[in-house]
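Side-chain atoms are counted along with the backbone in the values below, which use heavy atoms only and exclude waters and symmetry mates.
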Amino acid sequence: MAELRQNPLVEIEGLKVHFPIHAGVFRRHIGDVKAVDDVSLQIYEGETLGLVGESGCGKSTVGRAVIRLYELTDGHIKIDGRDISHAGADELRPMRPAMQMIFQDPQASLNPRMTVSAIIGEPLDEHQSLSPSERIARIYELMDQVGLNRSFANRYPHEFSGGQRQRIGIARALALNPKFIVCDEPIAALDVSIQAQVVNLLEELQKKFGLTYLFISHDLSMIRHIADRVAVMYLGKIVELAPRDDLYADPAHPYTQALLSAVPEPDPEHEAKRQHIILEGDVPSPSNPPQGCNFCTRCPKAMDICHEIEPSFHAVGDGRYAACHLLEDR
Amino acid sequence: MFNYTIRRSLLAVPTLLLISLIIFLLLDLAPSDPTANLPLTIPPEVREKIRQSLGLGDPIYIRYILWCKQFFINEPLNILEHIFGWQIGGDRLRVLSWQTRSPVVDLIVQRLPQTLWVVGLSYVLGIVIAVPIGVISAYRQYSWFDQIGTFISMVGFSVPTFFTGVLLIVIFSVWLGWFPSIYDTTHQVTDWSSFLVQVKQMIMPVSVLALFNAAQISRYMRASMLDNLNQDYVRTARAKGVRERIVVLVHVLRNSLIPVTTVIALGVPQVFGGAIITEQVFKVNGLGQLLIIAIQGGDVPVVQTLTFIFALLIVLFNLIADVLYGVLDPRIRYD
Amino acid sequence: MKIRTLTLSAVAAMAIAPSAHAERGSSGHVNIIYWQAPSTLNPYLSGGTKELESSSLVLEPLARYNEKGAMVPWLAESVPTVENGGVSADLTTITWKLKPGLKWSDDTPVTSADVVFSWKYCTHPEGGCAQNEKYNDVKSVEALDDLTVKVTFGLSKPFPYGPFVGAQSPILQAKQFADCLGAKAPECTEANFGPIGTGPFTVKEFRPNDVISFEANQNYRDPAKPAFATATLKGGGEATAAARSVLETGEFDYAWNMQLAPDVIKAMEAKGKGKVVAAFGTLVERIMINFTNPAPGLGAERATAKHPHPILSDITVRKALSMAIDRKLLVEIGYGSAGRPTCNVLPAPEIYKSSANNACLVQDVEGAKKLLEETGWKAGADGVRAKDGMRLSLLYQTSTNAVRQDFQALIKQWWKEIGVEIELRNIDASVFFGSDPGSPDTFQKFFADVEMYANNFDGTDPEAYMSNWSCKQAPRPETQWQGNNMPRYCSKEYDGLVAEMATTGDLNERARLAKAMNDKLMQDYAILPLVDRGRVSAHSNTLGGVVLNTWDSELWNVADWFRKK
Ligand SMILES: Nc1ncnc2c1ncn2[C@@H]1O[C@H](COP(=O)(O)OP(=O)(O)O)[C@@H](O)[C@H]1O
Ligand SMILES: [Mg+2]
């Protein structure tokens, strides 16, 4: 199935995003937070790529860097064939309509002093020249598409519930007919009962408009539900990338195994057989990652070599990739 | 909002009455004697007579009630008469200053123009300077602009105005002879050249105070901008492809101005309070100087009336700040 | 006779004074700065110097004092004396004659009724007139005709020049103030802020505590004066800024009362824009000795004659304290050209000045030590002397003021050298000089061992001033702590001199008595005079005609001021 869609919309190569750390009276540069450290990925047109990992591992940074909300420290990003790695603000602006983002916190991501129609309408003003009536018609259309009552158009974000706010965020992201949307934990801040509604909405819109998603989450069950392929991140690096079913059926990387072992199985038979892998210790600081494999300090299968040489991210099967010395000669 | 404003205003009435009583009692407790500054050659019997003629012989509650009557009833009636040309009539005694033996309200009215011009203008100027500095400092946090801005505001904030004022006088009046060192309150602006004279005599006091005000406000502005710059909605705006200038000036600035507006509104009573030290340094002789002279001279009616008016303004501008906050921030609703 | 010669010489002096210009208003505008701002122009409603002097441009008395302290006729034709028949032989009446043809600035004639009214105005029991003392003992003031006024005293008045003499008791226009008597006085704001006068200027605008604009009085009696058409008297700020505006920036022509450190004044004068002028009067910075015990343990009897001071009752201690002081150094540090060392509490006018006490001009620390040693005050282990278990330890108070605190520190050091331990205290001036009987910190309560301040007297006659140290003037609970005898000094001999002066009319005889009183106080070391403080003012090099006067308003001869070309 993966082979059928060999048409990458987003290509990420060797992406690094480092945040400098300053200290002292003169704010000397004393190191970097290596939030994203050498990530390579491709996202195919029309698919949903799930990005999972513990909090703080760099998922959001990847998401923001991909659509160039951050400056890259190194690496290349191509969207729809165009290299935007070092495009300036003016060069990027006309490309913004194609790539959009839905944020985790629907409250914080909406300007509190703008009404719903202003929020949704702003990108229209910025990138299209619509007459006032066309504009309002488009706003209503978008509100209909995400299931918001039109009469709410002149209300402020704080007057809505969390789920409704996320719908505003989605409507806003859809306004310019994007191809690619980064969904950065779009449901993490919502009540469980609402989560399903929003996910269903996203899936529905994907079908309708042929959208491509980079879906970021720390919730493995949700990823299993929505993603076509899944990338697992640990401490600024991708440790495993595989089609969904393969990954869940047969996790290759010890970290993926440990993550999945913590997910309850819906099938009671499987659930009974499931064995927990408990990871010891804390995640190292991204400003000071360990030598060798980033996961070596906590890996239950760590070998001597893991503490010295960084494993490469290589193919480990049909459309599957992982970074682990154990898998190197498989 | 309207109900809220009305309710708050009503609540302010007993508060202010209580404040006026407390001011009165405090002034009465303070050891001060309106005849203390007279030459020692004036004998005590004469001093005693002077004090009696000022009404100091009456018990304190009589004096308080008298002041209340004069201030809350007689003075407003007077103002009404003045504005509408009515003749309400009756023999109304006004609040009289002990030093000048003239109505306190007239003194205040006489002082108001120079205070509003100098202190008010410096406040406006301070805001006008502070907002862009705060915005740029925050947007380019830790840049050289920000570092210099931080340094200057630290200087403006911590170096007292009597120092900067005298420094300016020595440089620009004594050495260069560009500006007068003494403010002429009787100067009338009638034409272009007299306007220039007015500008010249205002430059130094206004800039000293504006520096001080700008230092304070730019810090608030910077902090508030920084708070907002890291918010997700700014990222949203950028993701929308909104021009950076609009991101900063419309999205971030508008939201950052909400708390700053409150700070600015709360600072307005200080304008009316005058700038005691700066007025003294440049002889602007506004409300601040009136207050300080009254305190030195034990002129209780002037001190009482001025402090009460300040209290009134503080209460008023607190209310204005709250209402403004409600107007500016749709998340706040009063009812 | 003496007064007459003084008067004549003064008139002569004025005649030869340079008044170069012959046309009113030809000098343009003059800028005067007073760093204390006048709050009213009615000198009867405020006793402050700033009000007296600013109103002296407008309001004038019948006679005033010139720079030498001699009386000169002003609105009166001449100064009445016993010789010229103006003062009755029994010293109970004085008859003044106005110059003929005098006009108020509103073009109405000045008459004796105005003089009578001025007396009524100030002596009204509800008026709170600050100059009431000037009219002490006046029984009546009558107009004998349009230009003649007779003042009758209730007793024989050897010095009958209280009423209507000097800046403190000028003549008000009866018409303007007719409805402003007594309790109504403060309500007449318009009159109080713009009195109609006979002086060289009229008030154009008065802004209380800020600025006064004057215009030349078109009805002034000398058609050639004043040389200035307009004048501004700006008030407020501090002495440094006022001095700067005359001596450094040249914005102002005349600055009053430069109470500044000597080196500051020198540096400013070096700019060459203006001159500093000084003149001496009767103001003496002095240390008062407390003859009574201020110990708090004594309760209501604290600091009263019932309990003599345990240490300071000993004259050798008082004398040693005086000997240890270097008055020359105090002058140098605190006042410069505005001061000179003095050993008299009555340093002027010349005829009253004693030369019997000049030994104190030289500091004598060794002598002071020896004196204490000889009288049994022996130094202890900590260097502090003691006698009969009584340590030589004193509390020294004064008002808060930079120069006074410098003086305190210096004197503490000198007294420490002779073995006296000193605790210093300074009190805010408005409290220290305030007369709140409830406050323990007033200079009158004197709950300390020694205290320092300056005092002087009005005019030239020392009688009232010298009577300050009679026994009955001691502040005490019965007088609500009022009274001027701060040391609570009490001497039969001194009281005798006071009584004698009260009945003596002859000027030479009065001078002898005043000197004797001064010497008695000095030789009893009841008061330790430190510095004879002058008045220092500054004027621009282009301002002519300034004659600094400490006996009357500094602006007394403003009519003669002119602009130098
Ligand atoms: N603007 C920033 N400046 C400095 N450090 C940052 C910044 N943004 C994120 N980080 C750091 O980068 C790491 C990755 O953060 P993030 O991408 O937000 O993680 P995730 O989204 O996976 O929780 C964290 O250690 C975080 O502290
Ligand atoms: Mg995140």
Would a distance-only check, ignoring hydrogens and angles, find a side-chain to backbone donor-acceptor pair under 3.5 Å from B/Arg101 to C/Ala185? no
Measuring heavy-atom distances to chain C, does B/Leu96 have an atom under 4.5 Å in its side chain, in its backbone, in both, or in neither? side chain
Checking heavy atoms, do the side chain of C/Ala464, its backbone, both or neither come under 4.5 Å from chain B? neither
Going by distance alone, is a donor N or O of one side chain under 3.5 Å from an acceptor N or O of the other, for B/Ser97 and B/Asp299? yes
Give, as side chain, backbone, both or neither, the part of C/Pro125 having an atom under 4.5 angstrom from any heavy atom of chain B. backbone
Do we see a donor-acceptor contact under 3.5 Å between the side chains of C/Thr189 and C/Asn192? no
Side chain / backbone / both / neither for C/Tyr44 at chain B, heavy atoms under 4.5 Å: neither
Kindly say whether the aromatic ring centers of C/Tyr135 and C/Tyr121 come within a distance under 6.0 Å. no
Side chain C/Lys234, main chain B/Tyr183, donor-acceptor under 3.5 Å: yes
Could you have a look at B/Val284, B/Val166, B/Leu290, B/Ile169 and say which one has the most heavy-atom pairs with chain C under 4.5 angstrom? B/Ile169
Determine whether C/Asn456 and C/Tyr465 make a side-chain contact, defined as any pair of heavy atoms from C-beta on separated by less than 4.5 Å. no
If you count heavy-atom pairs under 4.5 Å between each of B/Gly297, B/Pro180, B/Gly177 and chain C, which one has the most? B/Pro180
Between C/Arg244, C/Lys271, C/Glu205, C/Glu126, who has the most heavy-atom pairs with chain B when the cutoff is under 4.5 Å? C/Arg244
Modelled atom types, side-chain donor and acceptor of C/Ser39 and C/Glu51, under 3.5 Å: yes
Contact origin within B/Arg111 toward chain C - heavy atom pairs under 4.5 Å: side chain
Could you walk me through whether C/Arg535 and C/Glu53 satisfy the salt bridge (Lys or Arg N to Asp or Glu O under 4.0 Å) test, starting with their C-alpha distance in whole Å, then the side-chain angles of each, then the deciding distance to 0.1 Å, before giving a yes or no? CA-CA 14 Å; C/Arg535 208 36 120 58; C/Glu53 304 213 340; 3.6 Å; yes
Going through the checks in order, is the salt bridge (Lys or Arg N to Asp or Glu O under 4.0 Å) test met by B/Arg94 and B/Glu75? CA-CA 6 Å; B/Arg94 307 180 60 186; B/Glu75 291 293 351; 3.1 Å; yes
Taking C/Ile33, C/Asn209, C/Leu45, C/Asp428 one by one, which has the highest count of heavy-atom pairs under 4.5 Å against chain B? C/Asn209
At a heavy-atom separation under 4.5 Å, does B/Gln289 approach chain C through its side chain, its backbone, both, or neither? side chain
Is there a donor-acceptor contact under 3.5 Å linking the side chains of B/Thr185 and C/Asp210? yes
Chain B heavy atoms under 4.5 Å from C/Phe432: which part of the residue, side chain, backbone, both or neither? neither
Contacting moiety of C/Cys129, where chain B heavy atoms sit under 4.5 Å: backbone
Given that the side chain runs from C-beta out, which part of C/Ala183 has a heavy atom under 4.5 Å from chain B: side chain, backbone, both or neither? neither
With a 4.5 angstrom heavy-atom cut-off, is it the side chain or the backbone of C/Phe252 that approaches chain B, or both, or neither? side chain
B/Leu54 versus chain C, heavy atoms under 4.5 Å apart: side chain, backbone, both or neither? neither
